[in-house]
Amino acid sequence: MATKTLEEIAQTLITDQKGILAADQPSVHLTNRLEVLNTTAQDDTYRKWCELLFTTPELSTHVSGVIMHPSAVDLSTDDGNSLVDVLIDNGMIPGISPSTGLIPLAGAPGEVIAGGLDNLRERFQRYAAMGIGFSKWRAAIRIGDTIPTSYCINANAYILAQFAALSQEAGIVPIVEPEVELIGTHTIERCFEATEWMLKRTFEALYEHRVNLEATLLKANMVVSGADCPTQASIETVADMTVRVLRRAAPSAIPGVVFLSGGQTDLNATAHLNAMNANYSNPWKLTFSYARALQRAPLNAWRNNPHKVLDGQAALKHRANMNALASVGRWSPSLEQ
Ligand code: 13P
């Protein structure tokens with residue numbers, strides 16, 4: 001089969017009624033979530049969880065690609081097949097999240113930046129040779145009384161653009177994720193302002209770094225009220241303000257926006273996506289790239305119990321199906337039954 005161009009990979013990722021499964025959390029996150037469910041993880045639990053997710057029957061009906069943590073690309077299934085090959089064989093594009101995580105931004109109390117640009121060119125070459133087709137880099141912007149600062153916004157935008165340029169150089173489609181976080185007491189209006197600011201700076205930096213926008217996807221936060229804000233915006237307001245901020249700041253040259261769920265409930269993440277697709281005509285595809293809002297239900301069903309693998313897979317399939325419907329504005333709460 002002929003190798004796909006970067007633009008073709010980007011288009012495949014946003015195929016109609018499909019989205020992305022973000023499974024790039026490090027193993028310690030899985031351990032912590034299992035502890036909350038009163039279950040303990042063993043050495044092999046992370047590998048088994050990835051295998052459960054990636055071998056879910058017919059997941060590719062609703063999932064175009066899966067983002068993996070670097071520690072997962074060298075893991076194999078019980079049968080000895082590499083997880084990367086399992087995704088390809090099951091009709092999905094394997095992706096990678098090569099950042100080494102968030103670290104404090106020097107001189108900027110309370111603000112963070114993602115590390116991991118060292119040797120990224122060489123790591124990307126290895127990932128490309130394995131058949132990895134896309135990558136994702138997350139910047140985390142926090143809202144507080146005196147933050148975000150322009151220093152933090154600019155530093156994060158610059159790193160996102162360096163990552164994207166290196167990814168395209170290696171023949172891997174970049175997904176840039178300039179996330180304005182949900183944590184805090186801030187209003188939805190403050191989230192809107194910070195999101196507009198960060199998106200505009202990110203696209204300026206992408207331009208300066210000569211990144212091909214037609215071969216880039218944006219992983220955006222939705223514009224929402226802070227998790228601890230006493231007034232929570234309605235589904236319609238979130239949809240309206242999110243579409244508005246994207247129209248102001250996201251060029252129509254990018255093929256798609258794939259949202260993060262950011263700590264929203266499973267149903268809110270689906271309902272917001274649905275409202276944006278049902279009620280607005282947009283120049284980009286709007287679909288999902290959820291981690292928690294896709295993995296919470298299957299993890300609850302599985303709980304590291306080998307007899308519950310099929311229940312976990314059924315729960316993942318259901319959430320992927322619901323979000324696929326939301327990506328074309330055809331979801332309704334009654335379909336959840
Ligand atoms: P959430 O959907 O849990 O916010 O995670 C998104 C993400 O970026 C993980 O790759």
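What you see is a predicted model; the values in this text were computed from it and never measured. Indexing begins at 1, ligand by ligand and atom by atom, following the structure's order.
Side-chain N or O atoms of Asn221 include none that pairs as donor or acceptor with a backbone N or O of Thr195 at under 3.5 Å. Remark: side-chain polar atoms of Arg190 are paired, donor with acceptor, to backbone N or O of Gly144 under 3.5 angstrom.
Considering backbone and side-chain N/O atoms, Asp24 comes within less than 3.5 Å of an N/O atom of ligand 1.
At a heavy-atom distance under 4.0 Å, only side-chain atoms of Lys136, from C-beta outward, approach ligand 1. Under 4.0 Å from ligand 1, the heavy atoms of Lys219 that appear belong solely to its side chain.
Between the side chains of Asp228 and Thr185, no donor-acceptor pair of N or O atoms lies under 3.5 Å. Side chain to side chain, Thr55 and Gln313 meet the donor-acceptor criterion of an N or O pair below 3.5 Å. Side-chain contact of Thr15 with Ser64: a donor-acceptor pair under 3.5 Å is absent, judged by distance alone. A donor-acceptor contact closer than 3.5 angstrom is absent between the side chains of Thr265 and Arg296.
Taking each heavy atom of Ser60 and Met92 in turn, the nearest pair found is CB-CG, 3.8 Å.
Atom 4 (O) of ligand 1 has its closest protein heavy atom at Gly262 N, 2.6 Å. Counting protein heavy atoms only, atom 1 (P) of ligand 1 is closest to Ser261 OG, 3.3 Å. Taking atom 8 (O) of ligand 1 as the reference point, the nearest protein heavy-atom neighbour is Glu177 OE2, 2.7 Å. Looking only at protein heavy atoms, the nearest one to atom 5 (O) of ligand 1 is Ala291 CB, 3.2 Å. For atom 3 (O) of ligand 1, the closest non-hydrogen atom of the protein is Arg292 NE, 2.7 Å.
Of all atoms in ligand 1, numbered sequentially from 1 with element shown, those under 4.0 Å from a heavy atom of Ala22 are 9 (C), 10 (O). In the vicinity of Tyr290, heavy-atom distances shorter than 4.0 Å reach the ligand 1 atoms 2 (O).
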